[in-house]
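What follows is a set of notes on a single structure, which appears directly below.
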Amino acid sequence: MLSFSDEVRHLLGVPEEFMDTHTAAQIFSGNVQTEGMTPFAAAYGGHQFGHWAGQLGDGRAITLGELEGPSGRFEVQLKGAGPTPYSRTADGRAVLRSSIREYLMSEAMHHLGIPTTRALCLVATGEEVPRDMFYTGDVEMEPGAIVCRTAPSFLRFGNFELFASRGDHKNLRLLADYAIRRYAPEVLSPSLRDAPVLQPETYLEWFRTVAERTATMVVHWMRVGFVHGVMNTDNMSILGLTIDYGPYGVVDQFDLGWTPNTTDAQGRRYRFGNQPQIAFWNLLRFAEAILPLIGEKQPIETLLAEYPKLLEKKYREAYLGKLGLEPSESDDEAMLEDLHTRLAETEIDMTLFFRLLADIDPGALQGSKKRPFETIERAYYEPPTRPHRQAMSDWLDRYMHRAISSERSRAEQSTQMRLVNPKYVLRNYMAQIAIDKATEGDMSLIKELLELLRHPYDEQPEQESYFDKRPDWARDKPGCSMLSCSS
């Protein structure tokens, strides 16, 4: 047992003293089954990089079963415990670096307020696993590890796509009915709660719920700069949870075109700024899969037509919240568009910029305080050009005039901004340092980062060194800039 999350342990109702035992390490590495376990790997299909890939499935994930904890029922799943019927030619194993990345990031995302799977623990296997990190033929032996993750459900769009692709409408309906009754009972009218057969309107309302949850999740990603890296339909949760942490990243400099995935380096299909559009595309595929349960196309097409508006509304509200502003019919779109233009012109650290923005004092407009641009200047990776400096200063003055015309005080705005703009995020270089130390047997940084990321919006003065831009050495270092799907 390398590490475990005390919060998730409590969520599942697992005794603290148990987690430090040899038995716990054996169970959460897949070596021992206990009474009541019914392990399984799930089959599903999926569209990968825009193309139907046929049957896929849990190639290195095994669900041990479900635990009824103090907060409800959760699936408990091991990732990297060995081959499954869906591993194809792979070994079903996971390595330490990928397991640490999922362990830390899933917990970090939860504390950022983003829907996600959680991670209970990290276990070393003691085995060496061959991995070609960038698919260049350079195979290296890496230490094996397993992450135990949990969620109410790991059901994906791809589970439904698989049955639809086979024309297996019986099992498609069984799975959809189960998902609705178990995970979306609010869409059932009182008369249908015990009915053996659900109506088309119920499946339609369920789709609306899935779409809204998906929109909420993706807008949260955009709010903090998270890039999933592999938004295939088999990586999309029907609960709107962030699942399958592979070649993810949090943007350092604001760049809507950035992707952390080397496999996507040319097409950049899953780049930062394209995630809302990909979510919509994936929902189209999910709609096609469950269409046999609804019957007519028109009702679901009407719902799909509403989705871009819903996404735009949520996105606008999220970014206005980052600015501490209330919605306004006249200036919102232009202000946000101009901001995105300014941020994209040069290398500006997204996390630092938005966090520092809350420190701008209204007195700066009268020259009695530090000027707005001086307040955010440390977010730049390189000294800005004079034209950019002037353009950004103009935007900041416009922003502050809008801010001080609000009914809320600047202090109230700043407080709100610090609740939605994190001070600390898990940057790839931070995870990589933890991985390097863990590979040498030092787990201390994993523990430190886990605690840091439990309070991403707090000041934490003792951790101020993490509130900084990505160091220059990490710009192109493997694991710190781009990663592969084996990451």
Practice item. Carefully, step by step, assess H388 and Y380 under the rule ring-ring contact (aromatic ring centres under 6.0 Å, His included). Key: CA-CA 11 Å; H388 172 83; Y380 284 80; 5.4 Å; yes
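- In this structure, G479 and R101 approach most closely via the heavy-atom pair O-NH1, 4.3 Å.
- A cation-pi arrangement is absent between R268 and W258 under the rule of less than 6.0 angstrom and at most 45 degrees off the ring axis.
- Separating the NZ atom in K79 from the CZ atom in R149 is a distance of 4.5 Å, to the nearest 0.5 Å.
- Under a 4.0 Å N-O distance rule, the pair E140/R131 does not qualify as a salt bridge.
- Here E347 pairs with R475 in a salt bridge; the nearest charged N to carboxylate O distance falls below 4.0 Å.
- Checking side-chain atoms of N159 against main-chain N and O of A43 turns up a donor-acceptor pair under 3.5 Å.
- A donor-acceptor pair under 3.5 Å is formed between the side chain of E107 and the backbone N or O of A119.
- Y183 contributes a side-chain N or O that, together with a main-chain N or O of P152, makes up a donor-acceptor pair within less than 3.5 Å.
- Between W395 and Y399, the ring planes are parallel. Angles under 30° get that label, and only those over 60° would be called perpendicular.
- The pair K423-E464 counts as a salt bridge, with a side-chain nitrogen and a carboxylate oxygen less than 4.0 angstrom apart.
- At a threshold of 4.0 Å, the pair D264-R271 does not count as salt-bridged, since none of the basic side-chain nitrogens sits closer than that to a carboxylate oxygen.
- Residues H340 and F254 place their aromatic rings such that the two centres sit under 6.0 Å apart.
- Annotation: Q266, atom CD; neighbour count of heavy atoms from other residues, nucleotides and ligands within 6.0 Å does not exceed 12.
- T233 places no side-chain N or O within donor-acceptor distance of the main-chain N or O of G158, the cut-off being under 3.5 Å.
- At a threshold of 4.5 Å between non-hydrogen side-chain atoms, the residues M335 and L325 count as touching.
- Separating the CZ atom in R470 from the CG atom in D472 is a distance of 7.0 Å, to the nearest 0.5 Å.
- Put simply, the side chain of Q275 never gets that close to the backbone of V218: no donor and acceptor are under 3.5 Å apart.
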Practice item. Dump the intermediate steps for side chain to side chain donor-acceptor pair (under 3.5 Å) on N261 and T259, then the final yes or no. Key: CA-CA 6 Å; N261 188 353; T259 175; 5.6 Å; no
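- For H220 and F226, the ring centers are positioned 6.0 Å apart or more.
- L104 places none of its side-chain heavy atoms less than 4.5 Å from the side chain of Y245.
- Rounding to the nearest 0.5 Å gives a distance of 13.5 Å between CZ of F286 and CZ of R156.
- One finds a salt bridge joining D252 and R427 here, because a Lys/Arg side-chain nitrogen approaches an Asp/Glu carboxylate oxygen to under 4.0 Å.
- Between Y86 and L56 there is no side-chain heavy-atom pair separated by less than 4.5 Å.
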Exercise for review: In sequence, state the C-alpha distance, the side-chain angles, and the governing distance for W473 and C480, and then conclude on side-chain contact (heavy atoms from CB on, under 4.5 Å).
Suggested key: CA-CA 9 Å; W473 60 261; C480 298; 4.0 Å; yes
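- One finds a salt bridge joining E66 and R182 here, because a Lys/Arg side-chain nitrogen approaches an Asp/Glu carboxylate oxygen to under 4.0 Å.
- Salt-bridge annotation for E377 and R389: present, with a side-chain N of the basic residue lying under 4.0 Å from a carboxylate O of the acidic one.
- Checked by atom type, the side-chain pair Y44/D58 shows a donor-acceptor distance below 3.5 Å.
- Using a cutoff of 4.0 Å between basic side-chain nitrogens and carboxylate oxygens, E345 and R342 are scored as salt-bridged.
- Under the 3.5 Å distance criterion, the side-chain polar atoms of Y424 are left unmatched by any main-chain donor or acceptor of F467.
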Check your understanding: When you look at W221 and T242, which way does the side chain to side chain donor-acceptor pair (under 3.5 Å) test go after all the steps?
Key -> CA-CA 9 Å; W221 292 358; T242 311; 3.0 Å; yes
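- Looking only at distances, no side-chain donor or acceptor of T346 sits under 3.5 Å from a matching main-chain atom of P384.
- Atom-to-atom distance recorded for R73:CZ and E75:CD is 10.5 Å, nearest 0.5 angstrom.
- Contact check on D349 versus R355 returns no salt bridge, with no Lys/Arg side-chain nitrogen under 4.0 Å from an Asp/Glu carboxylate oxygen.
- Looking at heavy atoms from C-beta onward, D244 lies out of side-chain contact with V230 at the 4.5 angstrom threshold.
- Considering only heavy atoms from C-beta on, R269 comes within 4.5 Å of W281 through its side chain.
- Atom NZ of K437 has 12 or fewer heavy atoms from other residues, nucleotides or ligands within 6.0 Å.
- The pair R285-E161 does not count as a salt bridge, with every side-chain nitrogen at least 4.0 angstrom from each carboxylate oxygen.
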Check your understanding: What's the verdict on side-chain contact (heavy atoms from CB on, under 4.5 Å) for L162 and Q55, showing C-alpha distance, side-chain angles and the deciding distance?
Key -> CA-CA 6 Å; L162 182 61; Q55 179 183 296; 4.0 Å; yes
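- The OG1 atom of T38 sits 10.0 Å away from atom CG of L64, with the distance rounded to the nearest 0.5 Å.
- In this structure, the side chains of L96 and I435 stay at 4.5 Å or more apart for every pair of heavy atoms.
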Which side-chain N or O atoms in residues 446-454 pair as donor and acceptor under 3.5 Å with protein atoms at least two apart or in another chain?
from: E448; atom 1: OE2; to: Y466; atom 2: OH; distance (Å): 3.1
from: E451; atom 1: OE1; to: R454; atom 2: NH1; distance (Å): 3.1
from: E451; atom 1: OE2; to: R454; atom 2: NH1; distance (Å): 3.2
from: E451; atom 1: OE2; to: H455; atom 2: NE2; distance (Å): 3.4
from: R454; atom 1: NE; to: E7; atom 2: OE2; distance (Å): 2.8
from: R454; atom 1: NH2; to: E7; atom 2: OE2; distance (Å): 2.8

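- A151 and L241 make their closest contact through CB-CD1, 4.0 Å (heavy atoms, listed as atom of the first residue, atom of the second, distance).
- Counted by atom type alone, Q432 and N428 present zero donor-acceptor pairs between their side chains at under 3.5 Å.
- Side-chain contact between F18 and I27: present, with at least one pair of heavy atoms (C-beta onward) separated by less than 4.5 Å.
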Review point. Could you walk me through whether H47 and N282 pass the side-chain contact (heavy atoms from CB on, under 4.5 Å) check?
Key: CA-CA 8 Å; H47 282 83; N282 288 343; 5.6 Å; no
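- With hydrogens and angles ignored, the 3.5 Å screen pairs a side-chain donor or acceptor of D91 with a backbone N or O of R93.
- Smallest separation of non-hydrogen atoms from A379 and L352: CB-CB, 3.9 Å.
- Among all heavy-atom pairs drawn from I146 and S29, the shortest one is CD1-O, 3.3 Å.
- Aromatic ring centroids of F49 and Y270 lie under 6.0 Å apart.
- The closest donor-acceptor contact from the side chain of T125 to the backbone of G144 lies under 3.5 Å.
- Side-chain contact between L120 and R9 is present, with heavy atoms from C-beta onward closer than 4.5 Å.
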Point to revise | Intermediate values then yes/no, side-chain contact (heavy atoms from CB on, under 4.5 Å), F4 and D20 | key: CA-CA 9 Å; F4 65 85; D20 284 322; 3.5 Å; yes
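- Across every non-hydrogen atom of E212 and L310, the tightest pair is CG-CD2, 3.8 Å.
- Nearest heavy-atom pair, F28 versus L78, reported as atom, atom and distance to 0.1 Å: O-CD2, 3.5 Å.
- A donor-acceptor distance shorter than 3.5 angstrom exists from the side chain of K469 to the backbone of R378, with no hydrogens or angles considered.
- Taken to the nearest 0.5 Å, the OG1 atom of T116 stands 5.5 Å off from the CE atom of M109.
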